[in-house]
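Before any comments, here is the structure.
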Amino acid sequence: SGDAVDAWTLFAERLRSVNGTPMTSVAELVALLEQNNWLHGYCDPALWPQLAPEFPATITVETVFDRTRVDEYQFGITRASAAIAETGTVVLTDGATSSRLAALAPWVHVAVITPGQIVFDLPQAVAELPDDPNVIWCTGPSKTADVEGILIEGVHGPGVQAVLVLG
């Protein structure tokens, strides 16, 4: 629908404005990973069958996140519950996100959404929040300015926040 396209366009613009990376194809995702030499990661097992055919053998993807090897994962690909066009925010929940650690620990987090999951603004996002014990709102890469007011990305979470819209 036209609304979904408009919502994605606004979301992508706002995501870029907070140093996030919007993508509309698996090929774009593969190119991002290859260009940066991020060749080992995790993917939600529910998403992997859809993504796997386009992934080259040079990228190793696991569908079980092994907490004992958390530092080995360069990227995590998980489903998001929603995306907020107004702010470029991705909403993660325990219900939709297969592994919170896989979304927050690797340097790169790729949230996968469908056009229908994009809401226009914060009031709509709050109104549609699922009944879930953990809801995380991610607006671009992790950032802090705790140290002498200098903005640093990737300190308390991913240094790269990408969003792949499928469908």
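From a predicted model like this one, the values you see are computed outputs, not experimental measurements.
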Do [X] and [Y] have side chains that get closer than 4.5 Å, going by heavy atoms?
X    : Y   : value
S99  : Y42 : yes
L122 : E86 : yes
L10  : D6  : no
P56  : E34 : yes
W137 : T87 : no
N134 : T97 : no
F11  : V90 : yes
C43  : W48 : yes

Show the nearest heavy-atom pair for residues [X] and [Y], with the distance to one decimal.
X    : Y    : value
D44  : R79  : OD2-NE, 2.9 Å
C138 : I136 : SG-CG2, 3.7 Å
L164 : T24  : CD1-C, 4.0 Å
A102 : H109 : O-CD2, 4.4 Å
Q117 : A80  : NE2-O, 2.9 Å
A7   : A85  : O-CB, 3.5 Å

Is there a path of hydrophobic side-chain contacts, each under 4.5 Å between heavy atoms of I/L/V/M/F/W/Y residues, joining [Y] to [X]?
X    : Y    : value
I118 : V126 : no
L166 : V119 : no
V135 : L101 : no
I84  : I113 : no
L47  : V91  : no

*In terms of heavy-atom contacts, does CZ of R69 have more than 12 from other residues, nucleotides or ligands at under 6.0 Å?*
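Yes, CZ of R69 has more than 12 neighbouring heavy atoms, counting only those of other groups under 6.0 Å.
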
*About how many Å separate CH2 of W8 and OG1 of T114, when rounded to the nearest 0.5 Å?*
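The distance works out to 11.0 Å.
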
*To the nearest 0.5 angstrom, please state how far the CZ atom of R14 sits from the OG1 atom of T139.*
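It is 12.0 Å, given to the nearest 0.5 Å.
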
*Would Q74 and H40 satisfy side chain to side chain donor-acceptor pair (under 3.5 Å), going step by step from the backbone distance to the final call?*
CA-CA 6 Å; Q74 296 170 302; H40 180 246; 5.7 Å; no

*Tell me, with the steps shown, if L32 and V110 meet side-chain contact (heavy atoms from CB on, under 4.5 Å).*
CA-CA 11 Å; L32 175 75; V110 180; 5.5 Å; no

*Among I77, V163, V165, whose side chain to side chain contact (heavy atoms under 4.5 Å, CB included) with V112 holds?*
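Among I77, V163, V165, the one meeting side chain to side chain contact (heavy atoms under 4.5 Å, CB included) with V112 is I77.
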
*Determine yes or no for a side-chain-to-main-chain donor-acceptor pair under 3.5 angstrom, with E54 supplying the side chain and V30 the backbone.*
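No.
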
*Report the residue from F65, W38, W107 that forms a ring pair (Phe, Tyr, Trp, His ring centres under 6.0 Å) with Y73.*
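Going through F65, W38, W107 one by one, the ring pair (Phe, Tyr, Trp, His ring centres under 6.0 Å) with Y73 is satisfied by F65 alone.
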
